[in-house]
Structures are given as C-alpha cells and as structure tokens.
Amino acid sequence: MTKGVRGDNAVLLRRLYTSLYRIRRVEEEIVRIYPTDKIKSPSHMSLGQESVSVGVCEALRKTDIVFATYRSHAAYLAKGGDLKRMTAELYGKADGAARGKAGSMHLIDMSTGMMGTSAIVGTSLPLAVGYALAERMRGKDTVVVVFFGDGAQEEGVFHESMNFAALKKLPVLFVLENNTYAIHTPLGARVPAANFRERAATYKMPTQLIEDGDTLALLEATEAAAARMRAGGGPEFFEVMTMRWLEHVGPGDDLHLNYRTKAELDAWKAKDQVKLIGAMLDDAARGQIQREVEEEVQAALAFAEASPYPADHELYEHVYHD
Amino acid sequence: MTKGVRGDNAVLLRRLYTSLYRIRRVEEEIVRIYPTDKIKSPSHMSLGQESVSVGVCEALRKTDIVFATYRSHAAYLAKGGDLKRMTAELYGKADGAARGKAGSMHLIDMSTGMMGTSAIVGTSLPLAVGYALAERMRGKDTVVVVFFGDGAQEEGVFHESMNFAALKKLPVLFVLENNTYAIHTPLGARVPAANFRERAATYKMPTQLIEDGDTLALLEATEAAAARMRAGGGPEFFEVMTMRWLEHVGPGDDLHLNYRTKAELDAWKAKDQVKLIGAMLDDAARGQIQREVEEEVQAALAFAEASPYPADHELYEHVYHD
Amino acid sequence: MTKLGTKPGREISYADALYEAVASEMDIDPSVFVFGLGVDDPKGMYGTTKDLHVRFGADRNFDTPLSEDAMTGVAIGAAIAGMRPIHVHQRFDFLLLCMNQLVNLAAKSSYMFAGAVSVPIVVRSIIGRSWGQGAQHSQALHSMFMHVPGLKVVAPTTPHDAKGCLIAAIRDNNPVIFVEHRMLYGNRGVVPEESYAVPFGKARTLKEGDDITIVAVSHMVVEALRAASHLEKVGVHAEVIDPVSLSPLDIDTIIQSSAKTGRLLIVDNAWTACGASAEIVAQVVEHFQQTRAIQVRRMGFAPVPCPTTKPLENLFYPNARTIAAKAYDMVKGADQHWLPEGPEAKEILEFKGPF
Amino acid sequence: MTKLGTKPGREISYADALYEAVASEMDIDPSVFVFGLGVDDPKGMYGTTKDLHVRFGADRNFDTPLSEDAMTGVAIGAAIAGMRPIHVHQRFDFLLLCMNQLVNLAAKSSYMFAGAVSVPIVVRSIIGRSWGQGAQHSQALHSMFMHVPGLKVVAPTTPHDAKGCLIAAIRDNNPVIFVEHRMLYGNRGVVPEESYAVPFGKARTLKEGDDITIVAVSHMVVEALRAASHLEKVGVHAEVIDPVSLSPLDIDTIIQSSAKTGRLLIVDNAWTACGASAEIVAQVVEHFQQTRAIQVRRMGFAPVPCPTTKPLENLFYPNARTIAAKAYDMVKGADQHWLPEGPEAKEILEFKGPF
Ligand SMILES: Cc1ncc(C[n+]2csc(CCOP(=O)(O)OP(=O)(O)O)c2C)c(N)n1
Ligand SMILES: Cc1ncc(C[n+]2csc(CCOP(=O)(O)OP(=O)(O)O)c2C)c(N)n1
Ligand SMILES: [Mg+2]
Ligand SMILES: [Mg+2]
C-alpha cells in the first residue's frame, strides 16, 4: 500500500477509517432507502470512490476550502459536513443543508469549508480558482481543493481554469478523480490519450499520479502539496485512479448495461480502500468505530425522517440577498 | 532563410511574391483611404503577417478549406479570394463579398474555399473541425486549415477542438499565428509559459515551429503535413512566429501606446517576408509583378468606389434560407 | 388553424415518434447524422436514438467528449459543409454552454455572408422535471432563442407533432432549436407510419371552446387540456391552443381565438419575464390595439430557480388545477376560490428517478 | 417617479462617471476589484478603468487571458469568498460565452444553497454600435438576463445614473448585469462629486407630457428625447421614461404614465421578440385588463442580425425621426406620413472607428 505515515499512526488510522466507513455506510443506507421514494433526488453515489475525498481532506485544515461535484457525498462528509443536515437534504426537508432546495447534487456546508456543488460538469473549476484568488488577495494561506471527474477535463473551462491558476500561481489543488468513465462512455471514446498529467504539466504545475485510490498515499501527497502551496508554490495537479461501484446515478448496479466488465469492477472491489484501511486496525478498534458510525447514521436518518418539509412561502425565499 | 523548394523555383517565387505583395499593397491602400471614412468597417490589418497565409495557402488545393479570423485580408487573398469583392465589401457596397453585410471582419469566398470569418475570438476552431468531419464522412481528402491567434488558444474551445480533432483523427491543420500580443496584452500576462507546441503534442498531434514567418519553410511544411493528413494521419499543429506592424485594429501605428518597443518592431521589419521573397527575384520580374499588382489594386478600388450601396429591402434578406 | 387527425391509427410514444423521425430521415438522406453525449450509450437518450449507430453506422450516431461549446461549432462547421447534424442535449440547461456558437455563429452566418452559407443544424434540447432535478436540470430557455433572428424554435407536444416537427427540423435549412420535455416522452398518440413534415408556423387548436383561450407551451399543453376538462365540468368552455412552433409563431390562430373568447391565458413551461408568454401578449394587444380589450394573464414557472424538494417543486410549476382555477377566475371574475379536485399529473406521479 | 436634479453642477462624461464610481468604491472597500480583457491596457476600456491599477495596485485592476467562461467563474468564486469583483466586457456579445456561469451558477447559488452564499458580482457589458460593428459586435442581450430569476439588470443612460447605478451595483449582494452603450460614453451631464447610489427598481421620467408615453432603453433614451423635441414642435407632448433598472422593473411609473396618456410606445435598444419591450407591454396590459385599452407599440432593432454597411445599419436602428413618426401616428391616427427633418444623432455622426 504505502510507506509510513504521520506520528500517531493509530489515531490517524482510526480517523481515516471512521471517515471512510461513515461515507460507505451512509451510502449503503441511501441505496437501501432509495426504492421507497423517500429520497426524491438524483443521487450520484461515491461508493467505491470514498478514499479520494478522505485522503485529501484529512490533510486539510478546517479553513481550507473544497469544491466538488454532484457526486458530492464523500467530499461533503470527508470535509466535515454535517451528516444530519445531509440526510435531511436528501429527504427534501427543512433541516437539510439547504432547506431541501439543493438535494444530493448541491450539498453545502460553509462552516466546514465545503462549498456548494454544481450539477453542470466542470463548472466548479473556475470557482475554486476565484476563491483562491480572493484568499490570496487578502493575504490568507488557505488551500483550495477542487475535485472533478475525468469527463470534466474535456470541458474548455478546465483548460481556462488551469491556465489562469498557473498564471497567477494560485493555491489550487486540482484533483482529477479518474474513474475512467463519463456516465457510460469510456475514456477511449473521449480523448486521444489519457495523458492528463502530461497536459497539466504544460501549465507548469507539479503533477502526481495516485494509483488505486490509495488513501495514505493521497494523504501524504496532499500534505506536501498543501505546504508548498501555502508557501506560494502555485497550483498542483493530482490524478487519482478510482472506480465507482454503482451506476452513474442512482442506487443500482449496472453491469447489465455492458459498458464495463465484471472482471474490471471486481478487481477494484478487491482493493477496496475501506476494507484495506479497516484491516490496519485491530478488531476491537474497528468494531467500535463501526458501532459508533452505525449509531450516527441511524440517528441521522431518523432526524431526516422527523424533519418537516419546508413551508410553502419558502419557495420565494433566497432568490436574492438584501 | 530556407532550403530549396519545389521544381520550378522561379515560377513558384513569382507566385509567392505576387501573393505577398498583393496583400501588402491592398492593405497599404486601405491604410491610406481609411481616414477618408469611405471604409466604415473595423479593419484588422494583416500587414507584417502576410507570409503566414501565403506560405500555407500556396501548398493547398483550391478545394481545400481555410478558416481564419477577423484579421482576414491575408487569408482571403492568399486562398484566392476575389479582390474586387473584398474592396467593395470594405466599402459596404452591393458588389461586396457579402453585399456589404460583412465588412472587413467577415470576409468570405466560398468559391475558393475561404470560409466566412468570425469576430468572436476562437470560434472558427470547432467549425474547421466540423467541416473536416463532414468531408471525411463523405470520403473526400480535403484538408482544412484554421488560422488563429495566440490569444485564441486561451479560449476553452481551443482545447475542446484540439481534443476532438485528435480523437477523430481529422485532417485539420491548426495554424497558430503567434504575434505574441492579444490587442495590447503580451503573452506573459496571459499564459504561464508560451509552450504551445508542448501542449498541442499532448493531443497526440505532430507539431512544428516556423520562425520568422518564413514563407518557404511554411510552404514546405504545409505540403508535407497536407500529404500526411490526406493519407489519414490526423491533425497537425503549426506555431508560426510573426508580428503585426500596425495597431490591433485600424490603420495607425501604435508605438506611442508603449506596450511594445520600437526595437522589437524594427527587428521584425528588418526580416520582412515581402521584401525577402521579392529579393529572390530579379528586378525585372519583381517590377513586372509590382506593376500588375498595382493595376489590379487600383482597379479594385475603382470598382469599390463605383459599386452602389445595397438597396433598403436587403436589410431583411438572408436571415433565413428557404 | 390546423387540426390533428382523430382517425384511429397506430399509437406510439413521443419518444418512439422522435426515434422514428430521425431514423426515417437518416434512411433517405446520408447527410443526416446524430451526435451528443450518450446518444449511442446503452440508454440511447431515453430510447430516442437507441440503435441508430447499429442501423446506420457508428459515424452517424456517436458519443462525444464533454465539450458542448466545440461540439456546437462542429455541428455548424459540418452543416456549412453540407451535412445535416442533429446535436442532442440531455438537458436544456447545457445549452447555456452553446450560446456563443448558436447565437454568434449559427444564427448570424447566413446573414453575415449574404446567403453564401446555410446552417441546417437541429439542436435537440430536453427539458427535465421531477424527482428533484433542481435548479440546474429543469430549465426551459426557449425564449432566449426566440429573441434571436436567424434561429427557429419549435416545441411539439404530441407524438404526431414530435415526429413531424423533427422531420421538418432536419429538412429545414436553418438552425432549429428543438424543444422536448422529458415528461412528454411516455405520452402515446396516433402517429402515421409514413414520413411527413409538420410545417413550422402553424398552431394547433387541440380543443375548441368559446369562453377563454388557453395557449400552452410544451408539457403545459398536457396540463392545459386537463384543466380544460376540469372547466368543462363546471360549464366553462376553454379553447386550448398549442403553438407547436414558437419561432416562427402563428399569432393569427391565437388572435382569432382571443377575438372569439375575449380572454387569453398563456401557460408557458418557463419563466414569464421576457418569455414566450410576454411575446404572445404583446403581439395580441398590438394587433387589437384599442379596438378590443382582451383580458390576458400569464402563468409559468414561479420567478425563482427550481427547488428540488417535492412540496416546493409542486408549487414551482403550474398544473391542471391551478390553470383551471386561473381560467375560472378570468371567466367568472376575480377570486372565485374554486380549485378542482384531481390527482397530480400521472406522468409526474409515475416518474421514478434517479434521473 | 424620480426626477433628475436639474440644479447646475459639475458636468462630466458618462465614461468619466463610470470611472469615478469604480474608483470611489475601490477607495472605500478593499474587496472591490476590476478585471477583464484590456482593463489595464493603454486605452483603459475607453477610459472607464484607465489608471485603476496605478491607483489601487495591479492586483485590483488586471487584464486576463481570453477565457470569458472561466473568468466569469473566477468572479463568482471570488464573490463567494467575500470579494466584490467587477468583470468588464468590451462587447455585450462576449457574454454569450459566460451564459453557463451566469445563469447556471451566479443566478442559482443563493437559492440552491438557501442563502448560504451570495454572489455580489458586477458584469459590465458594453453595447457596440457604429462604424460597421456588424452582427457580432453590436448585440444587446439584456432580455436574456431579465428572463432569469436571481440576476439583476440595469441600463443607466445619463452620466448621473451611470455613476449612481454602478455604485449601487457594486454594493448589491447579487449578480448585476450592468448594461452600457458605447454611444453614451461621450455624453455629458451633471454628476455630483460625492458618492451616491441610485437605487434599482426606480424609473425616471425625463420629460413630462400628456399625449403619449415613450419608454426607452439605454441609448434609445437619447433618441427618444430627441424624438420628443421633434414632436413638441408639432404640438405633440410626449412623456419620456427611462426605466434605468430593467430587473427589478419599476412598472408602476410606466403604468401611471400610460394611464395618463393612453398610449405607450416602447423603444428598446434590442430586438423586440421576447424582449424588454414585450415584458413591459405584458405587465401593463395585465395591469389594466379590460378597464382600459391602452394603445401600445414596440420599436427595436430590425428582426435581423446587424449589417455592417452604413445604409442598412441606419435602417436597423430606431432613431429620433422614426420614433417621432411612430409616436405621431399613434397620437394622430395611423399612416400620417410625417417624418421630421433632422440630422443623424451627433454621437453617431461624430464617432470615428476603427472600433
Ligand atoms: C456540462 C454538462 N454536460 C453534460 C452533463 C451530463 N453529465 C452528468 S455527469 C456526466 C459525466 C461526467 O463524468 P466525470 O466528469 O468523469 O465524472 P463522474 O460522473 O465519473 O464522477 C455527464 C456527461 C452535465 N451534467 N453537465
Ligand atoms: C471571445 C472574444 N473575446 C474578446 C474579444 C476582443 N478581442 C478581439 S481581438 C482580441 C485579441 C486576440 O488576439 P490573438 O488571438 O492573438 O489575435 P491577433 O489579434 O493577435 O491576430 C480580443 C481580445 C473578441 N473579439 N472575442
Ligand atoms: Mg468519470
Ligand atoms: Mg496575437
């Protein structure tokens, strides 16, 4: 897997496993509940890709900023987003992260630096750059991370955002979550070569490849990159190989669609980061985390169930700020 | 300058010089006439950059296609566009290339493969790709050239167009006319590094640098590239170093604006391609060409003067095709 | 005024009608091709492009990178070269990435070049709704395109018109924004098997009535027809008009009906500000001037972004009951507080996510 | 109804008024910054941003790569972080590259996130005209933005309002599309030296009259005032209203004036289809319903792309004479064939290219 990590390995591993397992369990519950129609919100599961968010966010400060995508659950939770407000949001309830106006595709928790996500592919890239510009103008040493998919790099705004971030030497960490598919379309149908780091390097930014969604490698790499960025080193680029286990959107499997193979998916499941990190803990520690997470998840779901729907007059609120 | 060129050097050189000198003289005349207000059309002079269009277009067939920019005069004429219809267009007259509806920024001559130009930077790039796609679908071996400026490569659509052309292996020659300025802004204020060929190479296309707007080098390079593209080799990318002599738009000098130095401009003027190619001819040949061009240019201006303005009812024509 | 044939015949869905239109045109015209994100994927754009790549070859129905801006330019370039590309967008919202090419290039080329080029492209734009599509997956921006000379905009509602308009759009020598609504895809209706074009610029009167004219756009036509049924039960006879084509717009049919009823309610499947509904009102009153004061009302999306949570989403859209109530007030005088009973639209009730 | 103070005072140009607004806000609020293509170049956006980088530092007035889409996103991201960016576009036409960020992100963020973020950006959009700007450098697309909830749209006409509205726009906590017209830049007027905000949603009656209400937008206000002078000479008293702010729109002032005159002519500096003029007509007739049949007419760009050649360009735009003629017909009855004598607008006559 990876070389040694920071000082207190045990504490760190417990934190990582808690974060990973929590995302996993919440999503498993979403999958279970989805068919009941209680969650009427197109949900793009992070299941299988949890480690990308967890590895990166573990290296960030609370004041650092994360921009992510409609596949938002992992980043939201990894950056410390409130679980109850997330479940309530998916239920469309008034206690949701955005009072039910956002749904799964637009999670937000400003108090933890989790910026609201967008359902238009690639659109958060320049926002992250702009946020970093603002922080730098005010002399802060904030690091801004933007997660995006392999599909997003095809949008012109990716090129424009990389160019500008590099030009202005802004502290933006571009994290390409390469799950090799955009919905059902493999990379081969979209790019002449999957040489994303090579291209990123032409913007004069350091790049790194993280294989297998390796949580610990990502954590270490992010810590180092964040330190360089805080010191004014300019943007960096990570390509993280990973795989979603479920269909593009929704709770189901999708092997019957035949756009990817069972062997391919099984290979990824065999190197499941949640299991691998869990295996580094002893049974007692792991069991305790699992029990605590279970309790928290069930409490969050109960909270969502109990929360009221927003009142009718809320339809007209929040369009403008005074 | 460059190594030997095709068979009948003398004929070729006469053709090249005619083309270069013709563009030069027309633009000198536009500069002269402009203050009279007869040409009410924002004109972006090619003056100083003639060789880029001439070197490339000389290597093309009449059935090959050129997409260019609002800085359109050189490409239009080099691809064989009708000079009379061009001058009449600048005068806003009914005999113009587009009956006065287009002006300098939107020259077109479909009969010679000169596609209508756009005043929105970068927008012709995907059109060229689409045209090439269409030709390939119909089994034709047309080559499509798209000229664009160093500013255009900053637009997202450049990235998207390069990616798609490379993905589909389309016969598009991307010709970056690098005059190092976008209006008054130097490259240093717009890109972290001027490594355009490096980036183009990441799209898996062959790239070449042509220094000093070298007409003959460009001709040779284009001939070779066109042959490869006709054989299915996919898109290629040229970066041609060049310099405009006049202000961004309009007939004036602009050294008083202090965004570039006299020394810089003088260095370019010293390697003027029109002069250099002219010097390869003997005095008699050069003199004859100059006289012929002069006649043609004056005839074209007289034609433009004499042409009527379009009739009022034309305002409503051409919005839709039946 | 054109009527839909009511003679019995083969019934197919709106989605199948779209498929049939494209397939039949691809069959007779080799210059027609289809592309866009997901058109050849296992779901085949809700079935509307399902096996075109199998039937006509992989280069005539192909997926693309996520590059809406350039892909629009590719369509324009191919059209200038003489092809008839159909560019498909899973959501209308994504067209916001294509505005530069559509408005600055596609709409302008014929005119700027005095007819030297034509740009026969079809831009299929699917409006999303339901299951929490939210603010960025539910927009209907047809009025932005109606604003721009050089573009055509059509929004067929019935399977019959879906097929006929798509065929007409493909054959049209101009850029056509083809507006579809996801909630119409399952609707079934009589669709001739043979090829036919529904000409643009002809509205359809789907139901006759003397008391009020209801002009509805896209999915709102379905709701307006339901509203008209509610109204019949209380003795109010609404005339329901589907413009079908928004640009060009058949204002004459709307004017004639308004002259008859004296009341005009326009229900757009969009926001009203500077919308199709505003344009229709303006043209109607410009026509009548002071010769006739027509009572007019507009309904449309609430003037807010679309919320995801179901209770608010329900309020965001006009529906059969609120349309009926508004029409009733217009006929009987304001604030009658009549609201018919009735279930939510079945296509919305039955729709299951995730998308 | 708000009136412009007529007391004498310092006169400056519209362009200088814009400069003064930005400079004074940058002075008092460190979160304000300016960026866009050419803002710090030797021409300083026609002087409106001339030396801001010298006065306030190179990071508060800076040029950008040609990347309108991302730069809009950069503005939004910076605004979410608490800054107040002003993004300047040399031509309104370039905003077509920004539609996705402006409509899908800027307009939606506050609502989607239930007020957790605000997006206080100003998008300065300069309309081009004259000297053959042509189809791609002369568009005025404000109605597209008026259509979208979550955005504000203002189009000041006088130097006084240019300064006051820009200050208000900068202080506004929402995305504001700030519409300027190149032909207004040289116009001079009384502008207080001190800082002041002109509140949005208040129209201005620039001239009073009883015979007809002329509502004009942007540069057409200047032409409408000239038309009103022509009309005075033949005894027709036009009231001229400048909405100043298009979204929110002060329809009350327009309604009151229309009630007084019974005639409403709207002259937009844009196409009419689904335009601001359609929206104003619709709101006015929805207000009066059958209580009052107001005579209404719309004028705007010819429904074609803008041609470059001067004779056709002249026909493309309404002008003082054609506006006066239309108003005269409305007051006296159709087809009077009266057309006042008069020179072309001086700002257009005097304008020399190249751009
Ligand atoms: C601009 C835009 N185009 C298309 C879509 C439809 N769409 C949603 S997700 C997606 C695939 C994105 O793939 P990728 O960026 O690799 O992210 P992943 O879903 O794999 O996490 C597409 C095409 C969209 N939402 N936005
Ligand atoms: C999309 C867009 N943005 C901005 C402009 C304004 N503009 C016109 S030309 C130009 C500079 C382009 O520079 P480059 O591509 O290097 O071409 P050059 O003028 O040097 O030939 C700019 C910014 C425009 N026309 N279109
Ligand atoms: Mg992916
Ligand atoms: Mg340049």
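So you know, we letter chains A, B, ... as the sequences are listed, proteins then strands, and number each from 1.
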Student: Is it the side chain or the backbone of B:H318 that comes within 4.5 Å of chain D heavy atoms, both, or neither?
Tutor: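 Neither part.
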Student: Which pair of non-hydrogen atoms, one from D:T309 and one from B:P310, has the smallest distance, and what is that distance?
Tutor: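 For D:T309 versus B:P310, the nearest heavy atoms are CG2-CG, 3.7 Å.
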Student: Which one, B:S43, B:G92, B:G250, B:G100, leads in non-hydrogen pairs under 4.5 Å with chain D?
Tutor: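 If we count pairs closer than 4.5 Å to chain D, B:G100 comes out on top.
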Student: So for B:V121, is it side chain, backbone, both, or neither that comes closer than 4.5 Å to the heavy atoms of chain D?
Tutor: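 For B:V121, the side chain is the part near chain D, not the backbone.
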Student: Is the backbone of B:A119 close enough, under 3.5 Å, to the side chain of D:Q136 for a donor and an acceptor to pair up by distance?
Tutor: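 Confirmed, D:Q136 side chain pairs with B:A119 backbone.
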Student: With a 4.5 angstrom heavy-atom cut-off, which part of B:I39 approaches chain D: side chain, backbone, both or neither?
Tutor: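 Backbone only.
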Student: Can you tell me how far the CG atom of D:L315 sits from the CG atom of B:D312, to the nearest 0.5 Å?
Tutor: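 CG of B:D312 is found 4.5 Å from CG of D:L315.
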Student: If contact means a heavy atom pair closer than 4.5 Å, which residues of residues 46-57 of chain D contact chain B?
Tutor: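 Result: none.
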Student: I'd like a table of donor-acceptor pairs (distance under 3.5 Å, sequence neighbours excluded) in which one partner is a side-chain atom from residues 65-74 of chain B, with atom names and distances.
Tutor:
from, atom 1, to, atom 2, distance (Å)
B:T69, OG1, B:R71, N, 2.9
B:R71, NH1, B:M45, O, 2.9
B:R71, NH1, B:H248, O, 3.1
B:R71, NH2, B:H248, O, 3.3
B:R71, NH2, B:H248, ND1, 3.1
B:S72, OG, B:S104, O, 2.7
B:H73, ND1, B:E27, OE2, 2.8
B:H73, NE2, B:S104, OG, 2.8

Student: When rounded to the nearest 0.5 angstrom, what is the spacing between CG in D:D41 and CG in B:N258?
Tutor: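 So the gap between those two atoms works out to 12.5 Å.
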Student: Quick one: CG on D:L96 to OG1 on B:T123, what's the gap to the nearest 0.5 Å?
Tutor: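 The OG1 atom of B:T123 is 11.5 Å from CG of D:L96, to the nearest 0.5 Å.
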Student: Under 4.5 Å from any heavy atom of chain D, what part of B:L315 do you find: side chain, backbone, both or neither?
Tutor: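 Looking at B:L315, backbone and side chain both touch chain D.
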Student: Quick check: closest heavy atoms across B:P42 and D:G132, and the distance to 0.1 Å?
Tutor: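 Shortest heavy-atom contact: CD-O, 3.1 Å.
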Student: Could you state the interatomic distance from CG (D:L97) to CD (B:E155), rounded to the nearest 0.5 Å?
Tutor: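 The CD atom of B:E155 is 5.5 Å from CG of D:L97, to the nearest 0.5 Å.
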Student: Of the backbone (N, CA, C, O) and the side chain (C-beta and beyond), which part of B:A311 lies under 4.5 Å from a heavy atom of chain D, both, or neither?
Tutor: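 Backbone only.
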Student: Quick check for you: to the nearest 0.5 Å, what is the distance between D:S67 atom OG and B:Q153 atom CD?
Tutor: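 Separation between the atoms: 8.5 Å.
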Student: Counting heavy-atom pairs closer than 4.5 Å to chain D, which one of B:G96, B:G103, B:S41 comes out on top?
Tutor: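 The option with the most such pairs is B:S41.
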Student: Flag the pair D:L312 / B:Y316 as yes when at least one side-chain heavy-atom distance between them is below 4.5 Å, and no otherwise.
Tutor: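 When only atoms from C-beta onward are counted, B:Y316 and D:L312 do not touch, as no gap falls below 4.5 Å.
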Student: Counting only non-hydrogen atoms closer than 4.5 Å, does D:E68 touch chain B with its backbone (N, CA, C, O), its side chain (CB onward), both, or neither?
Tutor: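 The answer is both parts of D:E68.
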Student: Can you say whether B:A102 sits under 4.5 Å from chain D via the side chain, the backbone, both, or neither, judging by heavy atoms?
Tutor: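 When you check distances to chain D, only backbone atoms of B:A102 fall under 4.5 Å.
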Student: Ignoring hydrogens, what is the shortest heavy-atom contact between D:P42 and B:L257? Give both atom names and the distance.
Tutor: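 Looks like CG-O, 3.5 Å.
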Student: D:F94 versus chain B, heavy atoms under 4.5 Å apart: side chain, backbone, both or neither?
Tutor: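 Side chain of D:F94 only, per the 4.5 Å heavy-atom cut-off to chain B.
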Student: Would you compute the distance between atom CZ of B:F158 and atom CG of D:L66 and round it to the nearest 0.5 angstrom?
Tutor: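 Here the rounded value is 13.0 Å.
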Student: Just so I understand: if I count every heavy-atom pair under 4.5 Å between each of B:S118, B:G252, B:P35 and chain D, which residue has the most?
Tutor: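 The answer is B:S118.
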Student: Give the intermediate values and the outcome of side chain to side chain contact (heavy atoms under 4.5 Å, CB included) for residues B:D37 and D:W131.
Tutor: CA-CA 9 Å; B:D37 236 32; D:W131 198 273; 2.8 Å; yes
Student: Can you tell which of D:A302, D:A135, D:P65, D:P307 has the highest number of heavy-atom pairs within less than 4.5 Å of chain B?
Tutor: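 Top count of heavy-atom pairs under 4.5 Å with chain B: D:P65.
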Student: Which one of B:K93, B:H256, B:R190, B:H184 has the most heavy-atom pairs closer than 4.5 Å to chain D?
Tutor: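 When all of B:K93, B:H256, B:R190, B:H184 are compared, B:H184 has the most.
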